[in-house]
There are 2 protein chains.
Amino acid sequence: MEDFVTLKKQLCFAVYETAGEFNKLYSSVLQPFGLTYPQYLVLVALWEKDGVSVKELGEKLNLGTGTLTPMVARMEANDWLRKERSKADERKVFIYLEEKARAEKLTITSKVAEVIQSCQIELEEYEQLMKQLNTLQNKMKERRL
Amino acid sequence: MEDFVTLKKQLCFAVYETAGEFNKLYSSVLQPFGLTYPQYLVLVALWEKDGVSVKELGEKLNLGTGTLTPMVARMEANDWLRKERSKADERKVFIYLEEKARAEKLTITSKVAEVIQSCQIELEEYEQLMKQLNTLQNKMKERRL
DNA sequence: TTCAATTTAATCGTGTACGATTTAATCTTA
DNA sequence: TAAGATTAAATCGTACACGATTAAATTGAA
């Protein structure tokens, strides 16, 4: 009558674990490029839309400046991107991809796609998971107003 | 023909985001108890089985000593648990719940359950997600041998 | 027009998380 | 049984991640 609370039964833990697995899997692919998994997500966001402010990037990735500022600095040091303070509004800092990021895009995304393919995830399963995770997220976001 | 690579289409990002949402949701519940979300997971593991070695705890949570050692130290400082070096094998360190952790168990788990309930997650959806996440994890684990 | 509210990033402190190395204890095997 | 292999935990260095605070620029209302 008591132990409903076990790790294996917790959805939160399943998500936590899966996120960890993705992190490890992607890291192994990205390491040769000198990229971490979160840094790769930044690149994906910028490949999608270049020249965004830190705020906008943060909204896309659900990250605050406490995380982004140092991460962007590291990526700048590694020539992935460049920061530029806006002339029009000096509070804003825009982030632009560097040549290296554009040049390596195809190589990196191909390698990543290759590894994901090799996991044999059915398209149907993939899409259903995406949908369910989104519904779940929305419910949690609503919950905390 | 090109931009299949967008954040919103990436399963890895959906999982990453969802994990973040869980973290924030749980944190808001746990903060009054002076617990972080990962620390709560440690408690769940110990409520399930008390008196385990650091290694065993790490296997259950998918965490290494680089993460666990300092975390356990903090939880020890906050009277949630106690460390004890094994007499039989002095390499091993066993972890035991303290009174505080046993006493607060019901209060904590009730509060957590309450918040999760309020998210209105259907049982069917919950179980399907669990199942799919597990299959996904297994595929990724297999992939990296 | 000025000064208080807001916005944007940077900074700070704490807490995971991971791979690699180190140290100490135990086990193996020649 | 002594040396080498293995195991367990601690330690180290790096990199997120978050909430709170700070500092500077902009906006807006009296």
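Each chain gets a letter, A, B and so on, in the order the sequences are listed, and its residues count up from 1.
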Residues that B/Ser28 engages under side-chain hydrogen bond (donor to acceptor under 3.5 Å, both in side chains), provided they are two or more places apart: none
Of the nucleotides C/dT11, C/dT8, D/dA9, which has the atom closest to the A/Lys92 side chain? C/dT8
Does the pair B/Arg102/B/Glu99 count as a salt bridge with the N-to-O cut at 4.0 Å? yes
Sub-3.5 Å pairs of nitrogen or oxygen atoms, protein against nucleotides 21-27 of chain D:
{"residue": "D/dT26", "atom": "OP1", "partner": "A/Glu90", "partner atom": "N", "Å": "3.0"}

What string of B, S and - do you get for nucleotides 12-19 of chain C, 5' to 3', when a contact is any protein heavy atom under 4.0 Å? B--SBBBB
For A/Gln132 and B/Gln128, what are the C-alpha separation, side-chain angles and deciding distance, and is it a side-chain hydrogen bond (donor to acceptor under 3.5 Å, both in side chains)? CA-CA 9 Å; A/Gln132 293 194 334; B/Gln128 213 196 343; 2.9 Å; yes
Compile the donor-acceptor pairs under 3.5 Å between side chains in residues 31-42 of chain A and protein atoms, sequence neighbours left out, one pair per line.
{"residue": "A/Thr36", "atom": "OG1", "partner": "A/Gln39", "partner atom": "N", "Å": "3.2"}
{"residue": "A/Tyr37", "atom": "OH", "partner": "B/Cys12", "partner atom": "O", "Å": "3.3"}
{"residue": "A/Gln39", "atom": "OE1", "partner": "A/Thr36", "partner atom": "N", "Å": "3.4"}

Rounded to the Å, how far apart are B/Tyr26 OH and D/dG19 P? 17 Å
State, without any angle test, whether A/Glu48 and B/Thr6 hold a side-chain donor-acceptor pair at a distance under 3.5 Å. no
Electrostatic pair A/Lys92-A/Glu90, nearest N-O below 4.0 angstrom: no
Can you tell me if B/Lys83 touches the phosphate of D/dA10, counting only side-chain N or O atoms and a distance under 4.0 Å to OP1 or OP2? yes
Nucleotide D/dC16, atom C1' - distance to CG of A/Leu35 in whole Å: 14 Å
Through direct or indirect side-chain contacts below 4.5 angstrom among Ile, Leu, Val, Met, Phe, Trp and Tyr, which residues connect to B/Tyr96? B/Phe94
Taken to the nearest whole Å, NZ/B/Lys55 to P/D/dT6 is 14 Å
Which residues pass the salt bridge (charged side-chain N to carboxylate O under 4.0 Å, His left out) test with B/Arg91, sequence neighbours left out? B/Asp89
Which whole-number value in Å describes the distance from A/Leu61 CG to D/dC18 P? 11 Å
A/Ser27 near the nucleic acid: base, sugar-phosphate alone, or nothing, with a heavy-atom cut-off under 4.0 Å? nothing
